[in-house]
Amino acid sequence: MILPEPIQNLINAFSRLPGIGPKTASRLAFYLLRAPEDASRELAEALLTIKSGVTYCQTCFNITTAGRSECEVCASPERDAALLCVVEEPLDVLALERTAAFPGRYHVLHGVLSPIEGIGPDDLKVRELLERVRLGGVSEIILATNPSMEGDATAMYLRQQLLPLGVRVTRLARGLPVGGDLEYADPNTILRALAGRQEMS
Ligand SMILES: [Zn+2]
């Protein structure tokens, strides 16, 4: 059966999203076809404003609402500026924030080192991290990149760069499943990994 073009276009668009196969893409498209017009209008508006309504924190590079220069964590006087947790992606910040127990602030790298994909330190927010530490006031850095090959290699690289700056460098404990992403870990697992973090010096 040949589908009308607008439906096929929507199925194609959904299929390009991560984690959505052709079956789910079709189900979503047909759901929206039957749903009240408000549902698709709300979705369309949300999609259109996601880029213009969101920006990056100028301090930690986490996502924040457009128009703000700092995210909520950096702007909060209650968060400990001496404790920095370095993560790969903004979703990892979300996972750590779900524990409601991390008192420090973050630094989002926006990726990991990957020689195979040609991603080096200059492609990540590494320079910005080192500058932040050089400014002073940071005493411990928790490297919370994922327990993958790239995540470990990135942590080792950062350790080399950070130790000469006179800060304590720690790594999340191995409570996380190997190859598992921080963003999918449950709050209790993250809490254990935080509590059992190990010295990297
Ligand atoms: Zn921030």
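The structure presented is a predicted model; accordingly, all values stated were derived computationally and were not measured. Counting convention: from 1, in listed order, for ligands and their atoms alike. The first residue in the sequence is number 1, and the count goes up from there.
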For T64, all residues meeting side chain to side chain donor-acceptor pair (under 3.5 Å), sequence neighbours excluded:
none
Listing by chain and number, what protein N/O/S atoms are under 2.8 Å from the Zn ion (ligand 1)?
C57 SG, C60 SG, C71 SG, C74 SG
Do NZ/NE/NH1/NH2 and the carboxylate oxygens of E97 and R79 come within less than 4.0 Å?
yes
Exercise answer: donor-acceptor pairs, residues 131-138 side-chain atoms, under 3.5 Å, sequence neighbours excluded:
{"residue": "R132", "atom": "NH1", "partner": "Y106", "partner atom": "O", "Å": "2.7"}
{"residue": "R132", "atom": "NH1", "partner": "H107", "partner atom": "ND1", "Å": "3.1"}
{"residue": "R132", "atom": "NH2", "partner": "Y106", "partner atom": "O", "Å": "3.4"}

Does the pair D152/R171 count as a salt bridge with the N-to-O cut at 4.0 Å?
yes
Ignoring hydrogens and angles, write down the donor-acceptor pairs under 3.5 Å from the side chains of residues 110-119, residues two or more places apart or on other chains.
{"residue": "H110", "atom": "NE2", "partner": "F61", "partner atom": "O", "Å": "2.6"}
{"residue": "S114", "atom": "OG", "partner": "E117", "partner atom": "N", "Å": "3.3"}

Salt bridge flag under 4.0 Å for residues R197 and E140
yes
